[in-house]
Amino acid sequence: MSVNIDLTTVWAFIIAFGIFAYVVMDGFDLGIGILFPVFKGEERDQAMNAIAPVWDGNETWLVLGGGGLFAAFPLAYAIILPATYPLIIAMLLGLVFRGVAFEFRWRDPAHRAFWDMAFTGGSIIAAFSQGMILGAILQGIAVDGRAYAGGWLDWLSPYSLLTGAGVVAGYALLGATWLIVKVEGGALDHAYRLAGRAALATLALMVAVSLATPFLEHHYWERWFEMPNMLFTSQVPLLVVIATYFLFRTLKKRATWSPFLLSLGLFLLGTIGLGISMFPYVVPDSVTIWDAAAPESSQVFMLVGVVLVMPLILAYTAWAYWVFRGKVGSHGYH
């Protein structure tokens, strides 16, 4: 039994890593799409070129997160998907429109305004849907036995709308700070201004979500506000305050890489906070990771594949970012 528990925990961390990797890598290019309407002319071309060579590879991690959930925790997959079908469909359609826009805005200049709108709209819809999925899981999913027992719109609530807005703001922050690394000239000045505004919005929404979450489930409250847990969990908001201070300081000093890395740090702290609230539940207060886990033999088989494949994905991703390092121009990447 102890071996099974260990494997299940390992798979929980693998999926959490895959989701965080997706947020890190696809988050900033979704963020650039969210910010796209405020750019004009060559600024738009620079913004697009900042992510064009790597955006599709970034979405590999979405496959790992979703596929890993299906393979390692099939019961959780069978409950969460029916509870969030409209959001998942919206997210996938947004990603499709955004992906098509990458190609067609260069190849079809006569309709570039339409493709720019598709790029922005797809990015906002995908980001907002991801945030609402998170909110829907955190606020609780109705479960009867081993199946979803709720309605078609149970995911829609003020809390899920709040988490959706929080993810949109956070991705905008990642997008603006990534542009600081990649663009130059007037676009760079614009990116610094946008990063400051996005940081304020992200911080405000992080505080709002953090204050609302403990009231959703009793065990959330226990984790964050009852002793002795509070001695450990209080370090997370403290680190958020420290990271935020240094983020604004580096933006003021017009640092290049530090704002982006500190923004990633905020997302990492948010992920840690999410783990503190939810663990060991994959469907809060209903299904633990051990309840939802696949058989031990399946976990072992899949783990061998992950051990072989994940280093290759990480190596290829690092190589791709190295090849396309440096500032970008405004000419198409094709």
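Hydrogens, waters and symmetry mates play no part in the numbers below; they use all other heavy atoms, side chains included. All values reported here derive from a predicted model rather than from experimental measurement.
- Note that CG of Leu239 and OG of Ser234 are 9.5 Å apart. Values are rounded to the nearest 0.5 Å.
- Counting only heavy atoms from C-beta outward, the side chains of Phe73 and Val287 never approach each other to under 4.5 Å.
- No more than 12 heavy-atom neighbours from other residues, nucleotides or ligands sit within 6.0 angstrom of OH on Tyr245.
- Electrostatic pairing of Arg105 and Asp45 counts as a salt bridge here, judged by a charged N lying under 4.0 Å from a carboxylate O.
- In this structure, Thr163 and Thr213 have side chains that are not in contact, with every pair of non-hydrogen atoms separated by 4.5 Å or more.
- By the 4.5 Å heavy-atom criterion applied to side chains, Met230 and Met227 are counted as neighbours.
- For the atom pair Asn229 CG and His219 NE2, the distance stands at 11.5 Å (nearest 0.5 Å).
- Of all the heavy atoms in Ile125 and Ala90, the pair that sits closest is CG2-O, 3.4 Å.
- In plain terms, the two heavy atoms of Tyr148 and Ala83 that are nearest each other are CE1-CB, 3.5 Å.
- Relative orientation of the Tyr171 and Phe267 rings is parallel, given thresholds of 30° and 60° on the angle between their planes.
- Remark: the Gln139 side chain and the Ser160 side chain contain no N/O donor-acceptor pair separated by less than 3.5 Å.
- The local environment of CZ in Arg146 is sparse, with at most 12 non-hydrogen atoms from other residues, nucleotides or ligands closer than 6.0 Å.
- The environment of Phe97 atom CZ is sparse: at most 12 non-hydrogen atoms of other residues, nucleotides or ligands sit within 6.0 angstrom.
- For Trp221 and Phe215, the gap between ring centers is short of 6.0 Å.
- Under the ring pair (Phe, Tyr, Trp, His ring centres under 6.0 Å) criterion, the residue pairs touching residues 110-144 are Phe36-Phe119, Phe102-Phe119, Phe104-Trp115, with sequence neighbours excluded.
- Side-chain atoms of Leu134 and Leu274, non-hydrogen and from C-beta on, do get closer than 4.5 Å to each other.
- Ring geometry for Trp257 versus Phe260: interplanar angle over 60°, hence perpendicular rather than tilted (30 to 60°).
- Partners of Arg112 according to the salt bridge (Lys or Arg N to Asp or Glu O under 4.0 Å) rule, which considers only residues two or more places apart in sequence or in another chain, do not exist here.
- Nearest heavy atoms, Leu247 versus Leu173: CD2-CD2, 4.1 Å.
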